[in-house]
Number of protein chains: 2
Amino acid sequence: MSRSSQREDHLKALYALGESQPSSWVSTTQMASHLGVKPPSVTAMVQVLAELGWAEHRPYHGARLTPTGRKLALSLVRKHRLWETFLVARLGFGWEEVHDIAEQLEHVDSVELVKRLDAYLGHPQSDPHGDPIPKADGTFHPEGEVFVLAELNPLVRCEVKAVREGSDATLSAMSAKGIALGSVLMPSQIEALPAAWLEQLMVCKTVDDGSAD
Amino acid sequence: MSRSSQREDHLKALYALGESQPSSWVSTTQMASHLGVKPPSVTAMVQVLAELGWAEHRPYHGARLTPTGRKLALSLVRKHRLWETFLVARLGFGWEEVHDIAEQLEHVDSVELVKRLDAYLGHPQSDPHGDPIPKADGTFHPEGEVFVLAELNPLVRCEVKAVREGSDATLSAMSAKGIALGSVLMPSQIEALPAAWLEQLMVCKTVDDGSAD
DNA sequence: CAAGATTTTTAGCTGCGCCTAAAAATGGAA
DNA sequence: TTCCATTTTTAGGCGCAGCTAAAAATCTTG
Ligand SMILES: [Mn+2]
Ligand SMILES: [Mn+2]
Ligand SMILES: [Mn+2]
Ligand SMILES: [Mn+2]
């Protein structure tokens, strides 16, 4: 794949880490651990991104995306999630198998390809992990009320809407326990879940519709 | 894509050029012009391939694949042609649009992906250009009698079986003139074809089945 | 607030894949 | 067969993306 797939991965990391915390300034150390490289490598790359106009770098404070960089990052996230959807919905992969493959496919450069893939998949709004797929213009479909299962208190019936990134083994284990997007969890089941899962499962409350199921 | 996609492209060039000529020894100049790089770059790469046990290099004479290298090259050709088939058969691309995209997709590294893609496409035996798709074990389905249209003498009714690599523009022009795989060409039509096309179109003779068409 | 601990950047290095220019080998013509 | 033109390799250099070690800045803590 092209020489700049590293740049693209740094851009994605900057986006992902910036979104998931109050301040959008991301430290090079954070990015380094996310990407599996050493902090000096990130510093160098962030300086390149800054020269390209895709990021701002405040030395010793952190980096964050410019509007242009954010658009690019969103188009990468879009590609990643469309490919994951293809792999699961069309090729029959399990949700725990697709991340690493999509990590490669997302760097294939062809606007037309993304357009056609999106249409082929029926313009999906979320990927196999429940994460929303940004639209071509970089906006998202409005999302429902979703929060991390660990914050559910008191325990009530709820529905799995998404799974946060974790190890492939964890995702396999969840599948094995019958947990998938759309699964309904009862308080008793939730108590039996490994503690770590409570931090990964994103749910919304569901009203009992009266069906026995 | 991984750092070694350059190695993979050199391997493919070595395969393609070696197959298309009597001696399987390929000169670095040939490879350089095929790949769009300068001869010294090819020399360096060929030396790397030799160290990896994928090619033999006889200095000042040329290079050729080892059995191991040939297997690897065939698996790349397989991936390339499966992706081209996917792009045309599933995403609706034209046959002139898919080469460059497949040139990227072929470097995605996942054995399982190729397996599932092949099954999803119904184990196709040839790609959108009529080129045979190597099987997973590196063998080909037996091919029919096919030759280049320029060698057809005298002119008789024949059927288009494949198109040799050429510019995307040429492929578009052929489509526009109604030429596709399976097209039947009559002597009068053949005479009207641009001379260059005669070197690219691979055909076999067809008996007139009596239908008026 | 000053000193030490921690984080981050800079400096300097490596391997990869490309380049140009120069040297070496090959092969064809006189 | 010898010399010259052509092909090919070697030499030396560049940009990218990673690394470690050292320097610089920031944060923490007494
Ligand atoms: Mn990636
Ligand atoms: Mn996902
Ligand atoms: Mn390629
Ligand atoms: Mn093809």
Check this one for me: any side-chain N or O of [X] less than 4.0 Å away from OP1 or OP2 of [N]?
{"X": "B/Gln47", "N": "D/dT10", "answer": "yes"}
{"X": "B/His57", "N": "D/dT9", "answer": "yes"}
{"X": "B/Ser41", "N": "C/dC19", "answer": "yes"}
{"X": "B/Thr28", "N": "D/dT9", "answer": "yes"}
{"X": "A/Gln6", "N": "D/dG18", "answer": "yes"}

>> B/His129 vs B/His99, test: ring-ring contact (aromatic ring centres under 6.0 Å, His included). Steps then yes/no.
In response: CA-CA 10 Å; B/His129 310 106; B/His99 181 81; 7.3 Å; no
> Which of these passes side chain to side chain contact (heavy atoms under 4.5 Å, CB included) with B/Leu198: B/Leu152, B/Ile190, B/Val203?
Replying inline: B/Ile190
Rounded off to whole Å, could you give me the [atom1]-to-[atom2] distance for the [X] and [N] pair?
{"X": "B/Tyr60", "N": "C/dA23", "atom1": "OH", "atom2": "P", "value": "13 Å"}
{"X": "B/Arg58", "N": "C/dA24", "atom1": "CZ", "atom2": "C1'", "value": "17 Å"}
{"X": "B/Met31", "N": "C/dC18", "atom1": "CE", "atom2": "C1'", "value": "15 Å"}
{"X": "A/Leu35", "N": "D/dC19", "atom1": "CG", "atom2": "P", "value": "10 Å"}
{"X": "A/Trp25", "N": "C/dT7", "atom1": "CH2", "atom2": "C1'", "value": "17 Å"}
{"X": "A/Arg7", "N": "D/dG18", "atom1": "CZ", "atom2": "P", "value": "11 Å"}
{"X": "B/Met45", "N": "D/dT8", "atom1": "CE", "atom2": "P", "value": "18 Å"}

Choosing from [options], which nucleotide comes nearest the side chain of [X]?
{"X": "A/Lys38", "options": "D/dT26, C/dT26, D/dC19", "value": "D/dC19"}
{"X": "B/His10", "options": "C/dC18, D/dT9, C/dT9", "value": "C/dC18"}
{"X": "B/Val37", "options": "D/dT8, C/dT9, C/dC19", "value": "C/dC19"}
{"X": "B/Pro40", "options": "C/dA21, D/dT26, D/dC19", "value": "C/dA21"}
{"X": "B/Ser27", "options": "D/dA25, D/dT8, D/dT20", "value": "D/dT8"}
{"X": "B/His61", "options": "C/dT26, D/dT20, D/dT9", "value": "C/dT26"}

>> Do A/Arg116 and B/Phe93 form a cation-pi contact, if we require the NZ or CZ to be under 6.0 Å from the six-membered ring centre and within 45 degrees of the ring's axis?
In response: yes
> Do the charged groups of B/Glu145 and B/Lys161 touch, with an N to O distance under 4.0 Å?
Replying inline: no
>> So if I apply the side-chain hydrogen bond (donor to acceptor under 3.5 Å, both in side chains) rule between B/Glu106 and each of B/Arg81, B/Lys12, B/Arg78, which one comes out positive?
In response: B/Lys12
